[in-house]
Amino acid sequence: MPTAVIFAAMLMQTAPAPAPDLSWMAGYWLDCSRGREASEAWSDPRAGLSVGHAVTVSGGEVSFEVSHIGPTPGGFAYVAQPGGAPPTAFLLVESGPRRAVFANPENDFPTRVIYERDGDALTARIEGEIDGRARSMEWNFAAAPLNTRCPL
C-alpha cells in the first residue's frame, strides 16, 4: 500500500477528545438549607478522572452516593451509584470553564445532571420528568473545610 494512502488513513482517524478541565469542582461542599445537611466531596482530576461522594442527612435519615467523572467506553461521563445501586452513566453534553452538563435520556429520573460554580458556591441540579411532568432538584453548596457539619 502506498505510504500516502496509509498516512491519509491515519489522518482521518479521530483522536479521542481531551478530558475537559473539571478541576473547579474539586473540594468539599456543604448545603445546610431546607432542614437537611448535604455534602459532596470531589477529588481533583487525575488523568481525566475525578472521584466523588455525597452524604445527605434529613429527618433522621441518611443517604449516600458514590460517583466518578471520567472516560467510559461510551465517552466522557458522570457515573452515579446512589445508595450503592448499579452505576448509571450520564454523558458530557456541555462543558465550560465553570459549568458541566451530563445527560442520559434513557434514565428514568434524572435525565440531566448539571454542575456550575460561582466563586465559593457550587450548584448541583438534576432534571427530568416524573409521570410526564418536568421535575428538578437543586443543591446550593458552599465551599467548606473537609468534614464540616451544618450547625444544629
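Sequence positions, counted from 1, serve as the residue numbers for this chain. Keep in mind that the numbers below use all heavy atoms, side chains included, and drop hydrogens, waters and symmetry copies.
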> Looking at Asp31 and Arg36, what are the two nearest heavy atoms and their distance?
OD2-NH2, 3.2 Å
> For the pair Asp118 (side chain) and Ala121 (backbone), establish whether a donor and an acceptor sit closer than 3.5 Å, ignoring hydrogens and angles.
no
> Could you please spell out the steps behind the side chain to side chain contact (heavy atoms under 4.5 Å, CB included) verdict for Val113 and Val101?
CA-CA 6 Å; Val113 177; Val101 180; over 6 Å; no
> Indicate yes or no: does Arg98 engage Glu116 in a salt bridge with an N to O separation below 4.0 Å.
no
> Donor-acceptor pair, Glu37 side chain versus Cys150 backbone, under 3.5 Å?
yes
> Is any NZ, NE, NH1 or NH2 atom of the basic residue among Arg135 and Glu129 found under 4.0 Å from an Asp or Glu carboxylate oxygen of the other?
no
> Is there a side-chain contact between Trp24 and Tyr115, using heavy atoms and a 4.5 Å cut-off?
yes
> Are side-chain heavy atoms of Ser136 and Ile126 found at a separation under 4.5 Å?
no
> Decide yes or no for His53 and Phe64: does some side-chain heavy atom of the first lie under 4.5 Å from some side-chain heavy atom of the second?
no
> Determine, step by step, whether Phe102 and Tyr78 satisfy the ring-ring contact (aromatic ring centres under 6.0 Å, His included) criterion, reporting the C-alpha distance in whole Å, the side-chain angles of both residues, the deciding distance to 0.1 Å, and the verdict.
CA-CA 7 Å; Phe102 304 89; Tyr78 173 93; 5.7 Å; yes
> Please report the interatomic distance CG(Leu30) to CG(Asn140), rounded to the nearest 0.5 Å.
12.0 Å
> Quick check: closest heavy atoms across Pro82 and Ala80, and the distance to 0.1 Å?
CD-C, 3.6 Å
> Can you tell if the side chain of Thr56 reaches within under 4.5 Å of the side chain of Val62, non-hydrogen atoms only?
no
> If you take all heavy atoms of Gly48 and Pro71, which pair is closest and at what distance?
O-CD, 3.6 Å
> So, taking the atom named CH2 in Trp139 and the one named OG in Ser39, what distance separates them when rounded to the nearest 0.5 Å?
12.5 Å
> For Trp42 and Met25, which heavy atoms make the closest approach, and how far apart are they?
CB-O, 3.4 Å
> With a 4.5 Å limit on heavy-atom distance, are the side chains of Val79 and Ile69 in contact?
no
> State, yes or no, whether a side-chain contact exists between Cys32 and Pro151 at a heavy-atom distance under 4.5 Å.
yes
> Hey, does Arg99 have a side-chain heavy atom less than 4.5 Å from the side chain of Ile114?
yes
> To the nearest 0.5 Å, tell me how far Glu106 CD sits from Thr111 OG1.
10.5 Å
> Ala124 and Phe141: which non-hydrogen atoms are nearest, and at how many Å?
CB-CE1, 3.9 Å
> Looking at every heavy atom in both Pro110 and Glu127, which two are closest together, and how far apart are they?
CB-O, 3.2 Å
> Whether the side chain of Asp44 engages the backbone of Ala26 through a donor-acceptor N/O pair (distance < 3.5 Å, no angle test) should be reported.
no
> Within a strict 4.5 Å, meaning less than it, do heavy atoms of the Leu22 and Phe76 side chains meet?
yes
> Closer than 3.5 angstrom, by distance alone: can the side chain of Tyr28 be matched with the main-chain N or O of Thr148 as a donor-acceptor pair?
yes
